[in-house]
Every structure is written in structure tokens, then in C-alpha cells.
Amino acid sequence: MTEPRAPQPLVRIRNVSKHFGEGETRIDALRAVSLDVFPGQVVALLGPSGSGKTTLLNAIGCILEPSGGSMELDGDVVYDERWLRSDLRRLRLDKIGFIFQFHNLLPFLNATDNVAIVLNLAGLGGGEARKRAVDLLDYLEVGNRRNAFPAKLSGGEAQRVAIARALANRPRIILADEPTAALDSKRAGIVMDLLRKLAVEQEAAIIAVTHDEKIFDRFDRIFQLRDGRLDTGS
Amino acid sequence: MNLAYRDVRHKLGRFLLTCAGLGLLLGVVLAMIGIYRGLVVDALTIARAPGIDLWVVESGTRGPFAEASRIPGDTREAITRVGGVAAAGSLTYQTVEAEHQTRKLRLYVIGYEPGRPGGPPRLIAGRGIVRSHHELVADRSTGLGIGDRIALGRNTFSVVGLTEHQVNSGGDPAAYVTLLDAQKLQFDLAPPAYRVQLARGTGTAIRDTVNAVVARVQPNVAPDSVAESIRRWKHLAAITQEGQEAILTGSLVDRARRQIGLFTSLLLVVSAVIIALIIYTMTMEKLKQIATLKLIGAPDRTIIGMIVQQALALGFIGFAIGATLISATKDYFPRRVVLEADNMLVLAGIVFLVCLLSSGLGVRAALRVDPATALGG
Ligand SMILES: Nc1ncnc2c1ncn2[C@@H]1O[C@H](COP(=O)(O)OP(=O)(O)OP(=O)(O)O)[C@@H](O)[C@H]1O
Ligand SMILES: [Mg+2]
């Protein structure tokens, strides 16, 4: 496995902890987790259910406030014992793409518009946004379904539309929570190849939670979580 | 891209159904307001019909509508001679039940002197009364037509003209006959013992009584000053047209008006709660989508816009449906429904406010939703 020796990690996490509740009911979902992910890397988060994978992903995605530690995204310190930025949603729009276990497409928009909306939100005009959305869908080989509504898409097609949406603003960090769980192994392979292609072509960092043993060999690194602690893996 | 519009278009059938439901509800509210207004208008119709300035009635009464009033038939001549009076006419009012083609018909019979104030207002068909006996001008809502014959008391009257919207405060349609016919009718329908007394001329009342004398004053004469001079007769009371209308709205229909008013307010509250619930549920159903929008970076403005626009569209379309429905059906109500532009505007304003306020509830829920709920199942 190659590890680009880029000096600057895209995601840099130091001693991040997160607990829910206090006293008797306190759950330590993350305990002093530190990790770096570099541009071009595709890494996996592994671990038994309840080990804190989703919690870690949400923290990196600035959806969940950690209880302590620090996080640096693309050179910006966004968290150091507290949020250092007030416009987290803008940060997400510009830098982070999410791929969900279930596609989470907006049911009332067709495939093209589901992608175009994030471009609109980032300030790109209607026609241009739609054109770029169609290009992306073509790139992900679902261009033929561009006018279909999510309810009419197959699981694999919907997931690829969702990936197109995650990529639309060319984010440098892509977070995926079990992106292949809803797909058969062939489709899962295609999605993984795609993510890899992206990491390389766009110098992006990709962090994916997975249980899927079939695709372990597709990752540059595997981080193993157990009870909120990171076992530095292979 | 307008998310509110896209969402509505995607579930158009359901949205329109909700609008239609709301439209029916708002239609009922509008009908209630219309019935309320109609009640007030109806109550004033008969008093306004003669287009006069003064009502002369029995002293100590607020007649002839709110209280019974009986004054001698020759009062009119005396009133005509009062300074400032341009014209005067005697009137009688009585409710009579008659039968027409096997159907019971309640008529509010008004006896007047043709050629003097107090006759029927604008006719929509036929002609006014020209013969001194057995002709009748009926309101259209009686269902009678020109040329129909109807038995009242011991005589048969033929319908020669029709009026519109002339009903008393109880909703009974008006029927105009000559004063003499009306007095005969009063006599025919009086209790037998009383009638015998009257026939002998020994009764407490003489046969020639009327319920009121109405008067029109000369231009540039204040009705109040004329009323003042009439009040000097001990057995008469004089009420200006303004006073008569105040009596009618103030006492005669007051309870019915308050009843309907209260019911209308209740209905408004119910509608407000229902609108709030609909909009709140509409938002709650979308929480996951809203979480997704937040996750992909949509600002609050986008999310608030979507909820508020849908709420306003719902209110607007619902109101339009309700208003159209009632405007189209108001003439089929058994009693008059009066829709006035200002009432409609006020209701539209209330609906607008309610929609805005209840979308506030939805917005609050939407802003609190955690973007993380979009992740996972
Ligand atoms: N909002 C929350 N409130 C309280 N406890 C939470 C919350 N979110 C997660 N937890 C707890 O934190 C721990 C880690 O949860 P997390 O969702 O990160 O696990 P996971 O590794 O993603 O599991 P899975 O593989 O089942 O998705 C669990 O014990 C969970 O119960
Ligand atoms: Mg999870």
C-alpha cells in the first residue's frame, strides 16, 4: 500500500473524545482518538456495533460536537476544545461530502436536481448547476436515469446519485457511513473503485465505515475501533 | 430551485386534497360570517324598505317590530299636518300562515296605503297594487308567482307583483296588501270572542287601528325636531329611522347575533388549530429531509423558506376554494347569506396570520432537528 508522503494531512484528529450522558448513564463513545488521513487516501473505519464509528464520522463531519481534543480539516483548525468556526454548515458545503448508508436523496427532486441543489446552495446558477450535475451523473454511469425520481431508482443507482451529490462541490473530504451496505458485491466493488478513482483524481481523503469484508482489500488503511478506542491497525 | 414548489408538485394530489379540506372548513367559516351578516341585513330590510325618516308608534313602546304597537287609524291624518312632514302613511304588520298548493306558507303581511309611504320597494316582476282589494305583492322567496291565487283569512288574493329579499327578522317573506285588506285580515284572524265584541262596537279597541305611521320629512328639516313635536301627543311615540335601526340590531336580533358571533369565533379557533396541525404535520413528515438538507449545507433561510411558502400556499389555495364555494352556493341557503368584501378580507388576513404563526411552529421544529438524524437508517 502506498502512502503519499504529503506533509499536510487533510484530516488530523488529536485526542478526540466524546461521551453521552453523565454519571451512571455515561457512555464514552470515543476515548482519545487520534488519526491522520492524507490526500489520496481511502481509509476504512472498522469495529463492532456500538464501538463509536458513526460517532467519529459525525465528529469529523462537524455534525456532532466532541467533548474534547482537536480537529483540523484541510489545514483549518475547526475544533479545539470548542468549535472555532461558526459557519459549520458552510464548511460542510465547501469541504465535506457525505455518503449515507441509505441514499437519503430528496424524494421530491429528480436525480439531476438532487445533485444540482448542492451546487445551487454553493452559489452556482441553475442552468450551469444542472449541466454539471448531468456531467457527474454521466461520470458515475447513471446519466441515463437523470430525470428519474429517487423512488424509481434501484439501490445501486440511488447510491451512485448520492455519491454524485457528495462529489458535486468537489469536496476534499468524503465521509461514508456503510456506503455499500445496501449493494450487492458487484455494485459494492464498483462504488469502491469509484471512490478510489476520486481520491486519486481529486486528491481527496475518503473515510468509510464498513462491515463489508469483501472490500477490505480496497483500502489504504484500516482503523479498528473498539469501545471508543482506536487500535492502530494495518 | 424552489424546494417548496418541487415538494408540492411531487405530492400534488395530496396537497390539493389538503387544500380542498381546508377550503371546505374555511367555506363553513365564511358561510357562518355570511349568515351573521345576513341576519343583520334581514332584520333591517323591512324597516328600511319604506325609505322614510320617522316611525310614529304607540307611546311607551319601541314598536312596531321590537314591541307591539297599536294606534288609531286616523293618526296618519294628524301626522300629515305636523310641520315639516312631507308625506305619511299607515302600516300594519302581522304574521299569517297560509296554504299554497298543499304547502304551508308563513307570510309577513304588510298592509299599506297605496300612493303613500310604506309600500313595497323595487319590484322585480309584475306591477304594484292598483285595486283597493284582494291584490298582493309577494316576495320572491315565498315561491309564489305572478297570477297565483292564495287564500288569506276569508278572502282570496291574487299575486300581481314580486319583490326581492324582503323578509322579516325571523326570515318570513313579506306580502304587501292594502291597508283595508290587512285590517280585514286582522279582524278575520282575531279570536272569535274578541271578534264578536269588535263587531258590536263595544270592544276596548275600535276596528280601525294600525301598527305604525311612517313619515317622510321635507328636505332641510331634521327628523329629530319633527319627532320632538310629535312626542307632545301623549298617546304617541316617535322614533327616527336611525333609532328604529338601532332598536332592531340592538335588541331584536341581538341574541341570535351573539349566538352566531360566538359560534363563528369558535369555528375560527377550530380552523386555526387545524391549520396549525396540518402545517406542523407537513413539517414533521419532512424532518429527515430537512436533516439531509442541513447536512449537505443548506442554510436555515432555505429551510424556513420552504416551510413558510408551503404554509402560505396552503392557506391561500384553501381560502380561494372556500370563498369560491360559498360565493357559488350562497343563493341556495334558506336564509340570506351576505358576503361582504371587508369580511372576506379580514378572514383572509386571519388565515394568513394563522398560517404564518403555525409555520413558525414547524420552523422551530425544523431548526432544532439534528443534521445527524439524516445519517444511518
Ligand atoms: N446521541 C446519542 N446519545 C447517547 N448515546 C449515544 C448517542 N449516539 C451514540 N451513542 C452511543 O455511543 C456508542 C457508539 O455509538 P455509534 O453510533 O458511534 O456506534 P457504531 O460503531 O456506529 O455502531 P453501529 O455499527 O451499530 O452503527 C454506542 O454505545 C451508542 O449507544
Ligand atoms: Mg453506525
Side-chain angles (χ1 to χ4, degrees), chain A residues 53-55 57-59 61-65 87-110 112-127 129-130 133 149-151 162 165-166 168-169 171 175-178 181-182 209, chain B residues 1-19 278-279 281-311 313-314 359 362-363 365-377:
Chain A
K53 305 179 297 289
T54 299
T55 307
L57 214 59
N58 288 357
C62 304
I63 297 166
L64 187 77
E65 180 164 9
D87 55 341
L88 293 174
R89 245 181 258 177
R90 186 72 214 186
L91 180 86
R92 283 203 289 273
L93 187 59
D94 295 336
K95 296 206 167 156
I96 305 173
F98 290 90
I99 302 168
F100 312 100
Q101 176 172 359
F102 303 100
H103 58 71
N104 274 27
L105 295 173
L106 295 170
F108 52 86
L109 297 181
N110 64 23
T112 307
D113 288 338
N114 256 293
V115 178
I117 184 173
V118 289
L119 293 162
N120 280 163
L121 289 172
L124 201 65
R130 212 158 277 147
F149 283 86
R165 178 175 70 182
N169 285 325
L175 305 174
D177 202 349
E178 313 212 18
V209 169
Chain B
M1 121 177 42
N2 186 320
L3 294 180
Y5 170 68
R6 295 303 191 84
D7 186 35
V8 165
R9 204 179 60 177
H10 189 246
K11 292 177 299 197
L12 192 61
R14 211 183 112 183
F15 181 78
L16 288 183
L17 211 62
T18 311
C19 286
I278 292 175
I279 291 170
T281 328
M282 256 164 59
T283 314
M284 293 318 268
E285 280 174 356
K286 279 201 284 283
L287 277 192
K288 177 131 190 192
Q289 293 162 31
I290 288 167
T292 305
L293 279 168
K294 282 187 175 182
L295 197 69
I296 60 178
D300 285 344
R301 162 167 50 82
T302 306
I303 292 160
I304 295 171
M306 173 164 157
I307 296 170
V308 172
Q309 285 169 28
Q310 285 190 355
L314 179 77
S359 59
V363 164
L367 291 186
R368 279 203 302 208
V369 69
D370 184 354
T373 51
L375 293 166

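Chain letters run A, B, ... following the sequence lines, proteins first, then strands; residues in each count from 1. The figures here come from the full heavy-atom set of this structure, side chains too, leaving out hydrogens, waters and symmetry mates.
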State the [atom1]-[atom2] distance between [X] and [Y], to the nearest 0.5 angstrom.
X: L106(A); Y: K288(B); atom1: CG; atom2: NZ; answer: 11.5 Å
X: I296(B); Y: N114(A); atom1: CD1; atom2: CG; answer: 7.5 Å
X: F108(A); Y: K11(B); atom1: CZ; atom2: NZ; answer: 8.0 Å
X: T302(B); Y: N120(A); atom1: OG1; atom2: CG; answer: 9.5 Å
X: L293(B); Y: L121(A); atom1: CG; atom2: CG; answer: 7.5 Å

Between [X] and chain B, with a heavy-atom cut-off of 4.5 Å, which part of the residue counts as in contact: side chain, backbone, both or neither?
X: A116(A); answer: both
X: I117(A); answer: both
X: P107(A); answer: both
X: D87(A); answer: neither
X: L93(A); answer: both

So which of L91(A), N110(A), L88(A), D113(A) has the largest heavy-atom pair count under 4.5 angstrom toward chain B? D113(A)
Validation row: K294(B), I63(A) side chains within 4.5 angstrom (heavy atoms): no
Is any side-chain heavy atom of P371(B) closer than 4.5 Å to a side-chain heavy atom of R89(A)? no
Under a 4.5 Å cutoff for heavy-atom pairs, which residue among T292(B), D370(B), D7(B) has the most contacts with chain A?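 Max contact count across the listed options: D7(B).
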